[in-house]
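Just below is one structure, and these are the notes that go with it.
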Amino acid sequence: MGSLNGWTWVRAAICVLLTIFMVAPLAIIVVISFSSAPFLRFPPPGFSLQWYRSFFGNPVWLKTLSISVQVMIPAALGATTLGTMSAVGIARGRLPGASLIAGLLMAPFVVPVIITAAAIFGMFRAWNLYGTLLGLMIAHTVLTLPFVMATTLAAMRMVKPELEDAALTLGATHWSAFWRVTFPLILPAVLTGLLFSLVISFDELIVSLFISSPSVRPITVQMWSDIRGSVDPTIAAIATVLFSFSLFVMLIDHLYRRSSAKRALTSESS
């Protein structure tokens, strides 16, 4: 019993150390973003919002932020729609080679992103999509689709086909059975995929670096370009905004899952 408690303490200590190791750099960036120093300095000599004013008062940064939002929302919605359709088709369609199709759709998970970026760059040059907003939307949709499909496919495999068969025997059409029976059950996974797509699209750099242009570039590409020239705490302020957005999305996903779990327990108890 004593050795078991000792191992529990060791695991807890490892988890704490890993958490500190991963979170500490982010915490330092957040602190620096409120620095009153004219350059990157830690610890900061004082508190100031000057770098946030520099960010939100700069039309170049605001334009790139606007482009990121314009790319992020359609890409996430497109990836959610296509990823959900793909997951349903693979799980219920009885397609020949379904595993191979799923593997191909999940390729952006395992293929190095630099290879994906080079391939997309070559295709978009041929299709006249290089340096366009539509090209960025399509590229981000391709990159984020696997995240939606992975979560939705896992949820689909947990939904018993007998539930859909019961709805069909009661007179429902396949479309009605899906929307009234299957979709409410996989909705948490679909929304999780949507939220992940938003975060991944907003933070994506490598592919955007390949296919963006000086007039159409997301904020991550602008950050990369700015860092190569000169570094000031404005970058820390922008990084804090990006981190806050990701944290906000994760919080929404956590609260939604918690609410869904409570509703499920309530319905089972009643």
May I ask whether [X] and [Y] are part of the same hydrophobic cluster, defined by side-chain heavy atoms of I, L, V, M, F, W, Y residues being less than 4.5 angstrom apart, directly or through others?
X    : Y    : answer
L26  : M250 : no
V110 : I114 : yes
V23  : L17  : no
F183 : M85  : no
L255 : V249 : no

Using the rule given for side-chain contact (heavy atoms from CB on, under 4.5 Å), can you reason through F243 versus I29, listing the C-alpha separation, both sets of side-chain angles and the distance that settles it, and then say yes or no?
CA-CA 10 Å; F243 170 68; I29 291 296; over 6 Å; no
Can you list everything that forms a salt bridge (Lys or Arg N to Asp or Glu O under 4.0 Å) with D203? Sequence neighbours excluded, please.
none
So which atom in [X] and which in [Y] form the shortest heavy-atom distance, rounded to 0.1 Å?
X    : Y    : value
P146 : M106 : O-SD, 3.6 Å
V142 : P108 : O-CG, 3.7 Å
M156 : A91  : CB-CB, 3.7 Å
S201 : H140 : OG-ND1, 2.8 Å
S48  : S35  : CB-O, 3.7 Å
F121 : I211 : CA-CG2, 4.0 Å

[atom2] on [Y] to [atom1] on [X], rounded to 0.5 Å:
X    : Y    : atom1 : atom2 : value
I227 : I235 : CD1   : CD1   : 4.5 Å
I120 : L143 : CD1   : CG    : 5.0 Å
L205 : I219 : CG    : CD1   : 12.0 Å
L187 : L194 : CG    : CG    : 10.0 Å
S244 : L251 : OG    : CG    : 12.0 Å
Q222 : L62  : CD    : CG    : 11.0 Å

Which residues satisfy the side-chain hydrogen bond (donor to acceptor under 3.5 Å, both in side chains) test with [X], sequence neighbours excluded?
X    : result
T240 : S33
S66  : Q70
S213 : S215

Answer yes or no: does atom CZ of F21 have more than 12 heavy-atom neighbours from other residues, nucleotides or ligands under 6.0 Å?
no
Any heavy-atom pair between the side chains of [Y] and [X] that's under 4.5 Å?
X    : Y    : answer
W51  : I32  : no
V71  : P218 : no
V199 : L195 : no
F55  : L65  : yes
F196 : T80  : no

Any salt bridge (charged side-chain N to carboxylate O under 4.0 Å, His left out) involving [range]? Give me the pairs, sequence neighbours left out, ordered by first then second residue.
range            : value
residues 77-93   : R92-E164
residues 103-116 : none
residues 109-129 : none

CA sep, side-chain torsions, deciding dist, call: F245, L198, side-chain contact (heavy atoms from CB on, under 4.5 Å):
CA-CA 10 Å; F245 173 75; L198 290 171; 4.3 Å; yes
Parallel, tilted or perpendicular, as decided by the 30° and 60° cut-offs, for the rings of F56 and Y52
parallel
Hey, can you tell me if F147 and F109 have their rings parallel, tilted or perpendicular (30° and 60° cut-offs)?
perpendicular
Within the distance-only criterion (no hydrogens, no angle test), does the side chain of [X] pair as donor or acceptor with the backbone N or O of [Y] below 3.5 angstrom?
X    : Y    : answer
T141 : M137 : yes
T81  : L77  : yes
S176 : T173 : no

Sequence neighbours excluded - side chain to side chain donor-acceptor pair (under 3.5 Å) pairs with any residue from residues 188-200:
T192-D253, T192-R257
Only pairs at least two apart or in different chains count here, so list each side chain to side chain donor-acceptor pair (under 3.5 Å) that has a residue in residues 145-154.
none
Between I238 and D226, does a side-chain contact (heavy atoms from CB on, under 4.5 Å) hold up when you go through it step by step?
CA-CA 12 Å; I238 300 170; D226 196 71; over 6 Å; no
If you apply the rule side-chain contact (heavy atoms from CB on, under 4.5 Å), what do you find for T220 with E204, and how did you get there?
CA-CA 7 Å; T220 50; E204 208 288 319; 5.7 Å; no
Suppose we call two aromatic rings close when their centres sit under 6.0 Å apart. Are F210 and Y130 close by that rule?
no
[X]: what forms a side chain to side chain contact (heavy atoms under 4.5 Å, CB included) with it, not counting sequence neighbours?
X    : answer
V10  : W7, I14
P43  : none
L185 : V159, L163

